[in-house]
2 protein chains.
Amino acid sequence: MAPRARTAPRKKPRQQRSQATVDAILDATARVLCSTGYDRASTNRIAMAAGVSVGSLYQYFPSKEALVAALVERHTASMTALVKSKLAEVATAPLAEACRTMIDAMFEAHAVDPRLHKVLIEQVPRVGRLEQVVSVEREVEALVALFLEARKSELRRSRLGATAFVLCNVVEAVTHAAVLAELEPKRAREVADELTDMVLRYLPADC
Amino acid sequence: MAPRARTAPRKKPRQQRSQATVDAILDATARVLCSTGYDRASTNRIAMAAGVSVGSLYQYFPSKEALVAALVERHTASMTALVKSKLAEVATAPLAEACRTMIDAMFEAHAVDPRLHKVLIEQVPRVGRLEQVVSVEREVEALVALFLEARKSELRRSRLGATAFVLCNVVEAVTHAAVLAELEPKRAREVADELTDMVLRYLPADC
DNA sequence: GGAATATGCGAGCTATCGCTCATATCGACA
DNA sequence: TGTCGATATGAGCGATAGCTCGCATATTCC
């Protein structure tokens with residue numbers, strides 16, 4: 001493997017004008033990524049789209065990879081926050097309702113910025129820091145495993161680790177597919193229902 | 001979006017020595033892709049790794065994208081062949097056994113060259129020709145739909161097209177995830193079993 | 001106001017990329 | 001053995017990438 005690029009942010013913005021610059025750069029990164037794809041999204045182009053010089057960009061992001069990593073982080077953070085809070089909300093709800101709510105939450109979370117999400121998933125090489133960022137999924141998986149553990153008596157499952165793994169990936173996959181296919185809302189509802197149905201046949205002890 | 005690069009092969013090898021060259025180039029592409037990642041896998045580097053000059057490379061592949069596309073095609077072909085033959089084998093087997101066999105086959109197929117598979121999935125930008133290649137999945141999906149059609153009476157689902165879609169995506173997703181997460185064999189078995197169980201609760205009429 | 005610091009600028013450096021082409025060598029058939 | 005298309009070569013072209021650095025400007029603090 002080649003030597004890893006620096007990814008730690010070079011400096012922190014201290015004044016509000018520089019914070020605005022950083023935001024503008026990240027926004028521009030998202031736009032350029034969506035419109036040109038990863039390969040053609042050069043730092044010069046991004047800086048120009050942000051109305052900022054390359055120099056400024058490199059004051060806050062030591063490499064292109066770090067820049068994209070920061071964007072991914074910002075994007076996933078907003079998604080994960082939503083999912084986590086919902087998960088906390090349904091901690092004591094009946095199993096069926098909890099599942100329904102969580103699947104809906106996943107659809108919501110993916111609807112935040114679908115175009116950007118698609119580009120990030122499909123085009124951004126998951127190397128270096130980027131792969132760590134994506135591993136937020138692991139965290140969610142662990143939370144789901146805990147959730148299942150707490151409902152142990154209601155479930156037919158015993159290997160809850162494997163169950164959480166399958167569960168998370170299945171829900172993720174279908175949600176992704178639905179978002180990427182840009183289904184109209186009604187059809188998305190159908191898919192969500194279908195998915196919920198599947199999960200509720202899989203999990204509970206009673207059948 | 002940028003203009004699409006040429007991807008059709010430039011010429012076909014007519015002598016066996018040139019066929020050897022083409023193979024060497026594809027093998028080298030796989031190796032370099034695995035060891036350096038997509039971005040650093042330059043055509044010069046690949047040619048050198050193949051013990052061949054860049055010129056020779058460009059006699060058979062009009063662009064880097066075409067080169068990678070050819071590799072993806074070769075890789076998916078070997079995977080798809082395995083899945084298809086298994087699907088034919090279980091055409092008359094009991095539903096439960098068929099599902100179990102097919103899911104195992106999927107895990108097997110993904111285990112052919114996991115390192116390469118991972119790189120191809122994670123790093124290769126899915127643009128141009130590459131996305132078409134991935135659409136081999138559609139073909140498999142159609143076969144699965146036919147399979148389901150033949151078992152219509154045993155299933156609780158009615159819209160078999162949609163069922164095939166969900167089924168393929170779910171199995172694909174979990175298998176992918178298992179490979180990418182580099183699960184140890186024992187855990188992979190658990191996940192496969194869970195997945196099988198889930199599918200067998202989803203499909204059959206009796207429950 | 002003025003020193004100190006933070007921020008912004010952008011021409012341009014270096015490296016490397018994908019790719020071409022003039023030339024050399026090989027192989028099949030006469 | 002000679003001929004000619006198929007195959008192989010690799011120096012190097014033009015383009016563009018990521019990134020630096022000397023300097024200009026804005027802000028803060030005294």
Side-chain angles (χ1 to χ4, degrees), chain A residues 2-26 28-29 32-33 36-70 123-125 127-129, chain B residues 2-25 28-29 32-33 36-71 123-125 127-129:
Chain A
R4 185 158 290 183
R6 292 184 52 182
T7 56
R10 180 158 288 175
K11 66 158 73 170
K12 287 223 167 181
R14 313 181 91 82
Q15 303 177 2
Q16 64 176 358
R17 89 183 144 125
S18 62
Q19 183 57 57
T21 300
V22 169
D23 289 344
I25 292 172
L26 286 178
T29 305
V32 173
L33 233 41
T36 74
Y38 181 80
D39 279 348
R40 294 181 185 274
S42 73
T43 48
N44 280 298
R45 216 189 291 265
I46 290 170
M48 191 179 296
V52 147
S53 79
V54 226
S56 296
L57 187 155
Y58 277 94
Q59 287 213 331
Y60 301 103
F61 305 98
S63 69
K64 180 183 174 179
E65 193 190 332
L67 172 58
V68 177
Q123 294 197 37
V124 174
V127 285
R129 178 154 250 246
Chain B
R4 185 158 290 187
R6 292 184 53 183
T7 57
R10 179 159 289 174
K11 67 157 73 169
K12 287 227 168 180
R14 314 180 90 83
Q15 302 177 3
Q16 66 176 356
R17 89 182 144 127
S18 62
Q19 182 56 57
T21 300
V22 169
D23 289 344
I25 291 171
T29 305
V32 173
L33 232 42
T36 73
Y38 182 81
D39 279 348
R40 293 181 187 274
S42 72
T43 48
N44 280 297
R45 215 189 292 267
I46 290 171
M48 191 179 296
V52 146
S53 78
V54 227
S56 295
L57 190 155
Y58 277 95
Q59 288 213 331
Y60 301 103
F61 304 98
S63 69
K64 181 183 173 179
E65 196 190 333
L67 173 59
V68 177
L71 177 64
Q123 294 196 38
V124 174
V127 284
R129 177 155 249 246

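Chain letters run A, B, ... following the sequence lines, proteins first, then strands; residues in each count from 1. All values below were derived from every heavy atom in this structure, side-chain atoms included, with hydrogens, water molecules and symmetry-related copies excluded.
- Here the nucleotide nearest the side chain of B:S63, chosen from C:dA11, C:dC19, D:dA8, is C:dC19.
- Summarising the geometry, the separation between CD on A:E65 and C1' on D:dC19 is reported as 15 Å, rounded to the nearest angstrom.
- Summarising the geometry, the separation between CG on B:L57 and P on D:dT7 is reported as 15 Å, rounded to the nearest angstrom.
- Rounded to whole Å, atom P of D:dT20 lies 15 Å from atom NZ of A:K64.
- Partners of B:R17 according to the side-chain contact (heavy atoms from CB on, under 4.5 Å) rule, which considers only residues two or more places apart in sequence or in another chain, are B:Q15.
- For the atom pair CG (B:L71) and OG1 (B:T29), the distance works out to 6.0 Å, reported to the nearest 0.5 Å.
- Checking B:R17 against B:G55, the closest nucleotide of DNA chain D that is more toward the 5' end is the one next to B:R17.
- B:A41 approaches B:L33 most closely through the heavy-atom pair CB-CD1, 3.6 Å.
- With rounding to whole Å, B:F61 atom CZ is found 14 Å from D:dT7 atom C1'.
- Looking at residues two or more places apart in sequence or on another chain, you find a side-chain contact (heavy atoms from CB on, under 4.5 Å) between B:N44 and B:S42, B:V54.
- Across all strands, B:S42 comes closer than 4.0 Å only to sugar-phosphate atoms, never to a base (heavy-atom distances).
- Shown for residues 44-53 of chain A: residues whose heavy atoms fall under 4.0 angstrom of DNA chain C, namely A:V52, A:S53.
- What separates CG of A:D39 from P of C:dT16 is a distance of 18 Å, to the nearest Å.
- Scored by the side-chain hydrogen bond (donor to acceptor under 3.5 Å, both in side chains) test, B:T43 finds B:Y58 as partners (sequence neighbours excluded).
- Across the protein-nucleic acid pair, A:Q19 atom CD and C:dG8 atom C1' stand 16 Å apart, rounded to whole Å.
- A 4.5 Å side-chain heavy-atom check between A:Y60 and A:L26 finds every atom pair outside the cut-off.
- Side-chain atoms of A:Q15 lie closest to D:dT27 of the nucleotides D:dT27, C:dG10, D:dA8.
- The phosphate of C:dC19 has OP1 or OP2 within less than 4.0 Å of a side-chain N or O from B:Y58.
- Rounded to whole angstrom, the span from the CD atom of B:Q59 across to the P atom of C:dC21 amounts to 13 Å.
- Distances shorter than 4.0 Å separate some side-chain N or O of A:S18 from OP1 or OP2 on C:dT7.
- Atom CG of A:D39 and atom CG of B:D39 lie 6.5 Å apart (nearest 0.5 Å).
- Considering only residues two or more places apart in sequence or on other chains, B:A49 meets the side-chain contact (heavy atoms from CB on, under 4.5 Å) condition with B:A28, B:R31, B:V32.
- Scanning for side-chain contact (heavy atoms from CB on, under 4.5 Å) contacts around B:S53 gives B:S56, with sequence neighbours left out.
- Counting only heavy atoms from C-beta outward, the side chains of A:V22 and A:F61 approach each other to under 4.5 Å.
- The CZ-P distance, from B:R40 to C:dA15, rounds to 14 Å in whole Å.
- For the helix from C:dG1-D:dC30 to C:dA30-D:dT1, the terminal axes (five pairs an end, C1' atoms, rotation from four pairs onto the next four) enclose an angle of 10°, given to 10 degrees.
- OP1 or OP2 of D:dA8 has at least one side-chain nitrogen or oxygen of B:Y60 nearer than 4.0 Å.
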